[in-house]
Student: 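Below is a structure I'd like to ask you about.
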Amino acid sequence: MKDFNFKIPQNIEFGVGSLNKLPEILKNNNSEHVFLISDRGLESIGVVKKVLDIIETAGIQCTSYLDVLPNPTIDIVNEAASLYQQCGATSVVALGGGSLLM
């Protein structure tokens, strides 16, 4: 493997009510369409709905992909990537653990 280096600029919001800052963060980054990626477990306990409500109430369009599994297969990665490309999203919001950061 060849050596490489990369940098990812990031802001971390932490604390009570931080999730409510999401629309402001998206708008500050000129994001008018979000690709929300998560899994059915977080959907079943209401986390996905809560985030969708916050995004959509702010008037930001959102496309969701919720079929991520632990250790996602190439097919899942390709399916999510294809939907992202087709929907025209300008940002990604990932809810969950490491498998969502495929």
Student: Cluster question for you: counting only ILVMFWY and a side-chain heavy-atom cut-off of under 4.5 Å, with indirect links fine, are V93 and I45 together?
Tutor: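 Yes, because V93 and I45 connect within a single hydrophobic cluster, where side-chain heavy atoms sit under 4.5 Å apart.
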Student: For the residue pair T63 and C87, what are the closest heavy atoms and their distance?
Tutor: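 That closest heavy-atom pairing would be OG1-CB, 3.6 Å.
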Student: Just by modelled atom types, is the S31 backbone N or O under 3.5 Å from a matching donor or acceptor in the N29 side chain?
Tutor: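 Not confirmed, N29 side chain does not pair with S31 backbone.
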Student: Minimum heavy-atom separation for V51 to L36, with atom names?
Tutor: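 So the two residues come closest at CG1-CD1, 4.1 Å.
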Student: To the nearest 0.5 Å, tell me how far D39 CG sits from I76 CD1.
Tutor: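 If I round to the nearest 0.5 Å, the distance is 10.5 Å.
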Student: Is any NZ, NE, NH1 or NH2 atom of the basic residue among E24 and K27 found under 4.0 Å from an Asp or Glu carboxylate oxygen of the other?
Tutor: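 Here E24 does not pair with K27 in a salt bridge, since their nearest N and O are not under 4.0 Å apart.
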Student: Is any side-chain heavy atom of S38 less than 4.5 Å from a side-chain heavy atom of V47?
Tutor: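 No, side chains not in contact.
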Student: Do F4 and I8 sit in the same hydrophobic cluster, where Ile, Leu, Val, Met, Phe, Trp and Tyr count as joined when their side-chain heavy atoms come under 4.5 Å apart?
Tutor: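 The answer is yes; both residues are in one hydrophobic cluster.
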Student: Using atom types as modelled, flag every donor-acceptor pair under 3.5 Å from a side chain in residues 52-62 to any protein atom, sequence neighbours excluded.
Tutor:
residue, atom, partner, partner atom, Å
D53, OD1, K49, NZ, 3.3
D53, OD2, K49, NZ, 2.8
T57, OG1, D53, O, 2.6

Student: Is a side-chain donor or acceptor of T90 paired with a backbone partner of H33 at a separation under 3.5 angstrom?
Tutor: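 Such a contact is found between T90 side chain and H33 backbone.
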Student: Looking only at non-hydrogen atoms, find the nearest pair between F35 and A80 and report the distance.
Tutor: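 Nearest pair, atom of F35 first, then A80: CZ-O, 3.5 Å.
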Student: Write down the atom of V92, the atom of I37, and the distance for their closest heavy-atom approach.
Tutor: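 Distance-wise, the nearest heavy atoms are CG1-CG2, 4.1 Å.
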Student: Atom CG in D75, atom CG in N78: separation rounded to 0.5 Å?
Tutor: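 Between atom CG of D75 and atom CG of N78 there are 6.5 Å.
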Student: Distance check, rounded to the nearest 0.5 Å: Q85 atom CD versus L83 atom CG?
Tutor: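 Taking CD in Q85 and CG in L83, the distance rounds to 10.0 Å.
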